[in-house]
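Comments concern the structure below.
Each chain gets a letter, A, B and so on, in the order the sequences are listed, and its residues count up from 1.
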Protein chains: 2
Amino acid sequence: MKKADINSVEIARLAGVSRSTVSRVINNYANVPPKTREKVMKVIQQYNYFPNASAQVLAGKRARTIGLFLIAPGHVSSDMLVNRMIVSVIEDVSAYGYYVLTHIIRDASDQETVRNVKEIFFQRRIDGGIFIGAANREPFIEELIAEGFIVGVVDQQHPEIPQSNRIVANFNNDSGMKQAVAYLTGLGHTRIGVINGDMNRLSGPTKYEGFLKAMQLCGLQVNQDWVLDGSFHEESGYEAIYSFLRKNGERPTAIIAANDSVAFGAIRALKEHGLQVPEDISVIGFDDHALSEKHHPPLTTIRVDFSDMLKQLTSILIGKIEQPTDDVKQITLECSLVVRDSCRRV
Amino acid sequence: MKKADINSVEIARLAGVSRSTVSRVINNYANVPPKTREKVMKVIQQYNYFPNASAQVLAGKRARTIGLFLIAPGHVSSDMLVNRMIVSVIEDVSAYGYYVLTHIIRDASDQETVRNVKEIFFQRRIDGGIFIGAANREPFIEELIAEGFIVGVVDQQHPEIPQSNRIVANFNNDSGMKQAVAYLTGLGHTRIGVINGDMNRLSGPTKYEGFLKAMQLCGLQVNQDWVLDGSFHEESGYEAIYSFLRKNGERPTAIIAANDSVAFGAIRALKEHGLQVPEDISVIGFDDHALSEKHHPPLTTIRVDFSDMLKQLTSILIGKIEQPTDDVKQITLECSLVVRDSCRRV
DNA sequence: CTGAAAGCGCTTACAG
DNA sequence: CTGAAAGCGCTTACAG
């Protein structure tokens, strides 16, 4: 069924030149006279010839493929944020003529899974990779970097010894938290609680520390009863509030959630308990999730631009792939407050 | 920086065997004595050796990669449905040890774009591809199939002459529409309108024809003023209703939307016009979008299982890749009514 | 059971 | 400006 594959020697024969010349026109070498180039191009187009990618890579070209690794235990398919990121990366790299091999890691502690990820790098299927959602200092990512692979990591601590093949991308979560606390303070809140994210990810502790610092700056007391555990997922926000309310202790007037998903869950739990947002309690999120605007109530949040981050990250990554240099690259993006209707003045 | 890459001759040398033998243990040939296998495996593991994928492919192995092509003019990143599909395919194929190269096609009429897609096939980056969201009989996909590539297509008409390398996957939209009309009829509706999808996609006309047939079956008259144009996107649902209401003509008591996104848009337009759903008008969607359940009101819809479809499709696709056969494969999945709160009895 | 050798389809110094 | 040749790292008949 499949048409006999045509290759460069066939093209060479048909064009009356050598394979070397065919290769030269394909790779846009300067020293090919226009006449020759034209002649060869005509045959190439006529026969719908495209050089075999594996042969090119084996002969020293790049795979022009980057790996996109999403660490996400179970929740990926429903999270629009992840979707945005996948699409962002695909479109960003395609502008450079690159492809993306997307991989989902359900359990980063599973040996088999880790082996598969490493395999992708070692097999040279990709020229570099981006990891999103990993625990801070995830060992196997560190290994990959130590091995010399070009890796972009989102939400990871900078290493003590900077490495030129590690590109770190973060948001200024510290500043984001300050904005959140300052905003609430401005509305008159003094009793502010927080639902934390996953403390194994860098943004977990970073946001919490930012919260503590911001509270101090505003001269507010942190009530440890109002510091709730979470994990960046909606369910964790729900559960945090659910079990908090069961205790029937004193309540904060405002809650800062580690991200918008957590805020959604928290609000759901509050509603179920008969508490209105923002009438009875104010809630502020983080990320500006696609659904936050349409949420009831529309969620006040700290906006973060993942698309912009990934655009910068992929650009640097591909730059490093094409031209490995010793300079250390890292990016930090600012966050900004988006006021909607989930917080009220007290 | 990068550790000297180790290759099979090096492994062979270290294990005291020939490259042939190394290859044999890697490829699990039967005729390797356990002792030898063990010896070689030890070296392989010790040196963290993974065979170079390009070399393997060039030597005749499969790329173990399938292409996932999403045709989606602009709206991809916000549509959770697309996300679900991407993730589904990735996870489905990874169960077979395959990878996916995801590609987004913004404009299938752009020559450059089409060339890029073809290139991916001709370069042998992938063993086969899946197209989602394409116009029915999209010419370049037909070309690819004619060329002999193994292709899975969602929502496409079966060809007159069946081809073994074309795998067609559809939902039984006809039955879905019948269920929708029958349900509304059961609630006492006789004045039923419809917002169509993109008529260039198979499901556009199929759903509409299903609607017409179902109306006839139920002995109902189709009012052409209530047949509105759309395109499967929310905005089109909004616009369809918006301009319909401006005309101030007679109104249907129920509307069937080509999919849930369209229904969301339609409901938004109705609300803006001061009409309540389902009090003033009933609306039923199609797909059972992830947001339909949380919508206000929760949307009654015809459920369709994309994950199941893609699971079957990828399974057949990979089967064909590994063992090309002449049998023609196609799948059709049933739809089912999900009753929620967007339709009322009249 | 195992090795030597050919071959997969390219690219790129090298020589002219 | 251009061709012959080596090399990329594998796999797989072939022969023993």
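By the 4.5 Å heavy-atom criterion applied to side chains, A:Val153 and A:Glu138 are not counted as neighbours.
Rounded to whole Å, atom P of D:dT2 lies 12 Å from atom NZ of A:Lys35. One can place CZ of B:Arg13 at 17 Å from C1' of C:dG3, the figure rounded to the nearest angstrom.
B:Arg13 has a carboxylate O that lies under 4.0 Å from a charged side-chain N of B:Glu10, or vice versa, which qualifies the two as a salt bridge.
In this pair, B:Phe131 and B:Phe121 present their aromatic rings parallel. The plane angle is below 30°, not in the 30 to 60° band.
Pairing each heavy atom of A:Arg106 with each of A:Ala72, the nearest pair is NH1-O, 3.1 Å.
Side-chain contact, B:Asn48 with A:Lys118: no donor N or O sits under 3.5 Å from an acceptor N or O.
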**Item:** Footprint string (nucleotides 8-16 of chain D, 5' to 3'): B base within contact, S backbone only, - free, heavy atoms under 4.0 Å
**Value:** BBBBBB---
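With a cut-off of 3.5 Å on both Watson-Crick or G-U wobble distances, the partner of C:dG3 is given as D:dC14.
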